[in-house]
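Accompanying notes for the structure given below.
Numbering starts at 1 and runs along the sequence shown. When reading the values below, keep in mind they use all heavy atoms of this one structure, side chains included, and skip hydrogens, waters and symmetry mates. This one's a predicted model, so the numbers in the text were calculated from it and none came from an experiment.
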Amino acid sequence: MDFGGKSKYNPPELTWARTIGPTAIKFLTSDKLGKQYQNDIFMGDVHNGNLYHFELDSKRTGLLLGGPLDDKVVDIDSENEAIIFGEGFGGISDLEVGPDGYLYVVSIGQGKIYRIVSANDE
């Protein structure tokens, strides 16, 4: 699919057989969680309150997925384990990277904002 030469459609990088209600996607531009997470993608979901982490390929054009996610489909809940970074947020409505470089998670279900910090910062 082409949009007048201005952009193009690519197939999804990952799909879920049972919807999770993706709500927010952010690139973590800082190294506040550690260099291994800098410039990676974080995504929240509203149905389960999970925070997902995705690494990108070397060209930064696709997700690095392996094992049961080689087929790019989460068929069963246990396949989420490889990509869940945090859980128990009670329905994530937004993610932001704050001016301090930390990742913030907005929980609509709990009416709270969480700041995600490295275990070394505790």
Original post:
Rounded to the nearest 0.5 Å, how far apart are CG of Asp31 and CD of Gln36?
Top reply: 9.5 Å
Original post:
Do side-chain atoms of Asn48 reach the backbone of Asn50 as a donor and acceptor pair under 3.5 angstrom?
Top reply: no
**OP:** Assess whether side chain to side chain donor-acceptor pair (under 3.5 Å) is satisfied between Asn80 and Trp16, documenting all intermediate values.
**Re:** CA-CA 9 Å; Asn80 275 328; Trp16 281 262; 2.9 Å; yes
Subject >> Salt-bridge contact Arg18-Asp75 (side-chain N to carboxylate O under 4.0 Å) >> reply: no
Original post:
Given the rule in the side chain to side chain contact (heavy atoms under 4.5 Å, CB included) test, do Glu87 and Leu51 qualify, once you have shown the distances and angles that lead to the verdict?
Top reply: CA-CA 6 Å; Glu87 52 194 337; Leu51 179 63; over 6 Å; no
Subject >> Distance (rounded to the nearest 0.5 Å) between His53 NE2 and Phe42 CZ >> reply: 4.5 Å
**OP:** Count the heavy atoms of every other residue, nucleotide or ligand shown that sit under 6.0 Å from CD1 of Ile108, and state whether that count exceeds 12.
**Re:** no
Original post:
Do Leu28 and Tyr104 belong together in a cluster built from hydrophobic side chains that touch within less than 4.5 Å?
Top reply: no
Original post:
Just one of Ile25, Ile92, Ile84 clears the side chain to side chain contact (heavy atoms under 4.5 Å, CB included) bar with Tyr52, so which one?
Top reply: Ile84
Original post:
Under a 4.5 Å cut-off applied to non-hydrogen side-chain atoms, are Leu14 and Val74 in contact?
Top reply: yes
Subject >> Interatomic distance, Ile41 atom CD1 to Lys26 atom NZ [nearest 0.5 angstrom] >> reply: 12.0 Å
Original post:
Can you find a heavy atom in the side chain of Ile116 that is under 4.5 Å from one in the side chain of Val105?
Top reply: yes
Subject >> Atom pair CG (Leu63) and CG (Asp57), whose distance is rounded to the nearest 0.5 Å >> reply: 8.0 Å
**OP:** Verify the ring-centre separation between Phe89 and Tyr114: is it less than 6.0 angstrom?
**Re:** yes
Original post:
Taking the six-membered ring where the residue is Trp, are the ring centres of Phe85 and Tyr37 under 6.0 Å apart?
Top reply: yes
